[in-house]
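Naming: A, B, ... by sequence-line order, numbering from 1 per chain. A quick note: this is a predicted structure, and the numbers were derived from the prediction, not measured. Excluded from the calculations below are hydrogen atoms, water molecules and symmetry mates; all remaining heavy atoms, backbone and side chain alike, are included.
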Amino acid sequence: MIAKLILAHPDASRRLGAFLALLLVTAALYLLGVSPDWIGYVLPGSVDWLTQHPSYGRILSAFLIAMILAANWKALQTLSRFQQIVAVWVELFALLMLFFYSFDLSFAFIAKKIGFLITQGVTTTLYISAISIVIATVIALIGAIAKLSRNGVVYGLATFYTSLFRGLPLLMQIYIIYLGLPQVGYVIGAVPAGILALSLCYGAYMTEIFRAGIESISRGQREGATALGLSPSQTMVLVILPQAMRVIIPPTGNQFIAMLKDSSLVSVVGVWEIMYLARTQGQTEFRHIEMLITASMIYWALSICLEYIQARVEERFGRFNVR
Amino acid sequence: MPTDIDAPEILMRNVHKWYGIYHALNDISLAVAPRERVVICGPSGSGKSTLIRCVNRLEAHQGGEIIVGGIELDGDERKAEAVRRDVGMVFQQFNLFPHLTILENCTLAPMWVKKMPRKEANEIAMHFLERVRIPEQANKYPGQLSGGQQQRVAIARALCMSPRVMLFDEPTSALDPEMVKEVLDTMVELAREGMTMICVTHEMGFARQVADRVIFMDQGRIVEEAHPQEFFAHPKSERASLFLSQLLH
Ligand SMILES: Nc1ncnc2c1ncn2[C@@H]1O[C@H](COP(=O)(O)OP(=O)(O)O)[C@@H](O)[C@H]1O
Ligand SMILES: [Mg+2]
């Protein structure tokens with residue numbers, strides 16, 4: 001019945017739908033409790049009315065925001081796809097900045113500290129992450145081959161390792177390595193401890209990625225190489241891995257980006273990476289939020305760079321896929 | 001190296017193979033002389049692939065003995081690798097390496113197994129690509145070639161290792177009908193040049209043309225062994241006549 005009505009009056013139903021959507025958004029905004037204060041800033045003359053009728057003010061505020069959203073949506077529809085993407089990014093970024101701005105930050109303080117955060121913090125974070133991802137990759141490769149082994153001892157070792165290091169929180173692993181190894185007579189610095197913990201933890205996760213990648217290559221490839229006389233290790237390096245890389249690289253890139261952010265956990269043992277500096281630099285002048293927001297933005301920027309690099313690398317390895 | 005001139009290139013004596021409890025090869029005895037061409041046929045699941053995959057030890061047998069080119073396949077991995085250097089294999093699904101060009105597919109094993117310099121390996125590869133009549137595709141990737149072309153590359157790739165024996169496992173079964181002939185022609189040429197061959201195939205024209213012997217398998221056993229003319233005209237076993245009558249329709 002309703003369907004019939006909609007089909008009979010397409011224009012009317014579309015307008016009705018849009019109106020209902022507008023009402024819904026208004027209601028949602030009202031229930032979220034948007035404040036009417038901003039109307040006072042935009043229209044100074046309305047301040048009196050707003051103070052007299054606070055609840056009407058809230059309804060009005062919610063309705064106006066809903067209208068602005070709708071107008072924005074309409075305007076975006078007239079753009080090309082690419083322009084839409086850019087516009088959405090710019091708008092949301094502006095909103096995010098507005099959100100930060102509302103904290104009443106001291107930009108002078110940020111400007112004073114950001115240089116140190118980048119020269120000291122970013123370099124440390126990047127090199128800890130880079131070394132860790134390289135070691136984790138090697139561990140993952142060994143782990144994956146061990147997990148595919150028919151030898152029970154080797155398989156047992158691999159599964160125990162992945163189970164343990166995937167099962168413990170990374171923060172715990174960092175503490176255990178940094179505080180535990182000296183107990184057995186092996187004193188370890190904060191940076192090596194952080195690298196070791198990140199490598200072992202991510203190596204365990206990436207073992208699964210590598211195993212899945214190697215298993216995704218059909219048995220025929222291994223047999224073709226074996227029949228030509230290649231040894232098992234030649235088969236792995238020359239035939240299986242180059243093909244498995246297509247499957248392995250995208251999730252490995254994600255792991256690297258995740259590791260970059262998880263490396264902030266090694267700040268607990270006093271490594272001077274971004275997170276540690278953000279906390280300690282902020283403490284001296286009670287400007288915590290400034291430093292935390294700056295650090296967050298630095299992590300975000302680094303992630304964006306890495307995502308870009310990852311896309312390039314994927315293109316490179318997708319080259320022979322012309323089936 | 002076999003000292004006896006008449007020693008068979010491939011010798012299987014009372015070979016048994018099980019997959020779990022499934023008896024895939026049951027008391028197989030077979031001798032293939034140098035330059036001999038053997039065609040193996042039989043219903044699906046009769047153990048044809050298993051048999052020829054035991055010859056280069058892609059599968060391990062569990063009873064009896066297999067001796068290839070004087071080397072016994074007894075579980076020693078080095079012996080198996082030595083046998084594989086002298087035995088080429090062509091698969092139903094080609095098994096070309098999709099990340100390497102046609103030329104790189106052909107030079108991989110000569111360069112890494114025989115430690116041949118790249119220049120020499122390239123020359124040999126081009127020689128065999130010319131013989132299978134696709135030298136112009138050398139720098140393309142396997143995915144860019146038709147099925148028939150891919151299978152001819154697979155043959156050339158195997159020949160680059162200058163094998164003494166070639167094994168074919170249904171090389172034309174995955175091809176579109178119009179491409180079967182180009183692959184069979186290549187195989188006929190190879191047979192004419194005196195290559196020792198074992199071919200699993202249901203191409204009876206090919207069997208008639210080049211085979212010295214046809215072996216019919218059923219349920220993991222060799223049921224019948226005869227000259228092709230004899231086998232096609234007067235199959236001795238009921239199972240073989242049934243199989244041939246189905247094939248003709
Ligand atoms: N890897 C394997 N594991 C278990 N059974 C197998 C395996 N390979 C083959 N078989 C079984 O062995 C029998 C013979 O297989 P195969 O030699 O491939 O037959 P054919 O090539 O004659 O069609 C079939 O019943 C098949 O199911
Ligand atoms: Mg088969």
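Heavy-atom contacts from other residues, nucleotides or ligands closer than 6.0 Å to OH of B/Y19 number more than 12. Within a 6.0 Å radius of CZ in B/R13, no more than 12 heavy atoms belonging to other residues, nucleotides or ligands are found.
With a threshold of 4.5 angstrom between heavy atoms, A/E223 approaches chain B through its backbone and through its side chain. Residue B/F91 touches chain A through its side chain alone, counting heavy-atom pairs closer than 4.5 Å. Both the backbone and the side chain of A/S231 come within contact range of chain B, each with at least one heavy atom under 4.5 Å from a heavy atom of that chain. There is no contact between B/L167 and chain A, counting heavy-atom distances below 4.5 Å. Interface remark: B/V90 contributes no atoms to any contact with chain A (heavy atom separation under 4.5 Å).
Each of B/A154, B/A109, B/P163, B/P110 has some count of heavy-atom pairs under 4.5 Å with chain A, and the biggest count is that of B/A109. Considering only heavy-atom pairs separated by less than 4.5 Å from chain B, the leading option among A/S218, A/A227, A/P232, A/A225 is A/A227.
Within residues 116-129 of chain B, no residue has any heavy atom closer than 4.5 Å to a heavy atom of chain A.
Note that CG of A/L228 and CE of B/M161 are 6.5 Å apart. Values are rounded to the nearest 0.5 Å. Atoms CZ and CG, on A/R222 and B/N95 in that order, are 12.5 Å from each other to the nearest 0.5 Å. Residue A/T226 holds its OG1 atom at 12.5 Å from CZ of B/R57, rounded to the nearest 0.5 Å. Between B/F97 atom CZ and A/I240 atom CD1 the span is 8.0 Å, to the nearest 0.5 Å. In this structure, CG in A/L238 is found 7.5 Å from NE2 in B/H99, a value given to the nearest 0.5 Å. B/Q93 CD to A/Q221 CD: the interatomic distance, rounded to the nearest 0.5 Å, is 11.0 Å.
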